[in-house]
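Naming convention: chains lettered A, B, ... in sequence-line order (proteins, then strands); numbering from 1 in each chain.
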2 protein chains.
Amino acid sequence: MRLSSLADYAVVMMTACARHCGGTRINAGQLADETGIPLPTVQKLVSRLSSAGLLRSIRGAGGGFKLARPAAAISLAEIVEAIEGPIAMTSCVEQGRHDCALEGSCSVQPHWPVVNKAVRSALADISLTAIAGPPIPAFSVPAS
Amino acid sequence: MRLSSLADYAVVMMTACARHCGGTRINAGQLADETGIPLPTVQKLVSRLSSAGLLRSIRGAGGGFKLARPAAAISLAEIVEAIEGPIAMTSCVEQGRHDCALEGSCSVQPHWPVVNKAVRSALADISLTAIAGPPIPAFSVPAS
DNA sequence: GAAATTCGGACTAATGCGGTCCAATTAGCC
DNA sequence: GGCTAATTGGACCGCATTAGTCCGAATTTC
């Protein structure tokens, strides 16, 4: 019941992007600086996030990233799913997996989708704006 | 976002106990037989479950286990917590852990308790009776 | 007193995960 | 038109948590 640290990092990175919102692009190096996450890890995460449609990437010189959608339209559930795959408590609900010995005689199995939906909607109700920090300091300049 | 297979097993075992409800004791061997879970693993799990107060154990010859409370009064959240510890999405919310580089400047941290409560209540709303299978065949005899 | 059963801890193997690096592609700039 | 800077995507490796097993001690019944 704990999300992987990569997913945790992804949430932190997305909030950092949200603070820089206004359309400003930010590259992987800056992002690593601000969040304290090692650069190679940032690279791996932005790769997954942009292929999931949460970030829009501009490559080449002067390139970088920005949110593909307004922060209010991005939920925690989407970020987690982009990194960890579909939210499912057990592996037996994924189709194509048949490594459970009970398979079919299991009285618990039909109830997992209900649990999964409950958990997922709990995460889907939390938008990026809700966790990005109070007012968005888009134009604020750090004291340093 | 996936629970460990031990927690998964624990849920299956608890539902098996719930079906044998009526006060009948069931020993670890029978439980392993019914669920298909290897015996040593069953032993480890019942140990944790009974020390968490979910199962009541009677040792000695003819001993065994039974539910400490009616199935309706036991929730999924309790079972998961008995095996995996407190439900928390990130490790930074546990007191005593200070291994996060951001610590204090992190704008996401104060929002995790809200997420944790949302997820936990989703699991707490699901009782053992809801997943133990339709009618409880307390006195039914398998065809074999 | 002997047999049966739980209890608790220690130990081992392996799967998965976090993390790093490198080659390829693409866009801006001189 | 060539060069530089930046993202992209994949392969790779070491570590850590976890699953699973086993054994000795305690306890109750027959």
| said: Within the 4.5 Å heavy-atom criterion, are A:F65 and A:N27 side-chain neighbours or not? | reply: no
| Rounded to whole angstroms, how far apart are CE on A:M13 and P on C:dG19? | 13 Å
| query | Is there side-chain contact between B:R56 and B:R69, with heavy atoms separated by less than 4.5 Å? | reply | no
| Atom-to-atom span, CG of A:D8 to P of C:dG19 - whole angstrom | 11 Å
| field | Interface limits on DNA chain D, where chain A has a heavy atom under 4.0 Å of a nucleotide atom | value | D:dA5 to D:dG9
| query | Nearest-Å distance, CZ (A:R48) to C1' (C:dG18)? | reply | 10 Å
| Spatial distance of atom OG1 (B:T129) from atom CD1 (B:I74) [nearest 0.5 Å] | 10.0 Å
| request: Just call it for B:P40: base, sugar-phosphate, or nothing, with non-hydrogen atoms closer than 4.0 Å on any strand. | output: base
Review item, nucleotides 5-9 of chain C N/O atoms under 3.5 Å of protein N/O:
{"from": "C:dT5", "atom 1": "O4'", "to": "B:G60", "atom 2": "O", "distance (Å)": "3.4"}
{"from": "C:dT6", "atom 1": "OP1", "to": "B:A28", "atom 2": "N", "distance (Å)": "2.8"}
{"from": "C:dC7", "atom 1": "OP1", "to": "B:S57", "atom 2": "OG", "distance (Å)": "2.1"}
{"from": "C:dC7", "atom 1": "O4'", "to": "B:R59", "atom 2": "NH2", "distance (Å)": "3.0"}

| The single option from B:L3, B:L123, B:N116 passing side-chain contact (heavy atoms from CB on, under 4.5 Å) against B:I87 | B:L123
| Sidechain N-carboxylate O distance under 4.0 Å for A:R48, A:E81 | no
| Residue list, side chain to side chain donor-acceptor pair (under 3.5 Å) with B:S50, at least two apart or on another chain | none
| Distance in Å, B:I131 CD1 paired with B:L76 CG, rounded so as to fall on 0.5 Å steps | 4.0 Å
| message | For the NZ atom of A:K66 and the OG atom of A:S57, what is their distance to the nearest 0.5 Å? | response | 11.5 Å
| task | Report the distance from atom CG of A:L39 to atom P of C:dT20, rounded to the nearest whole Å. | result | 9 Å
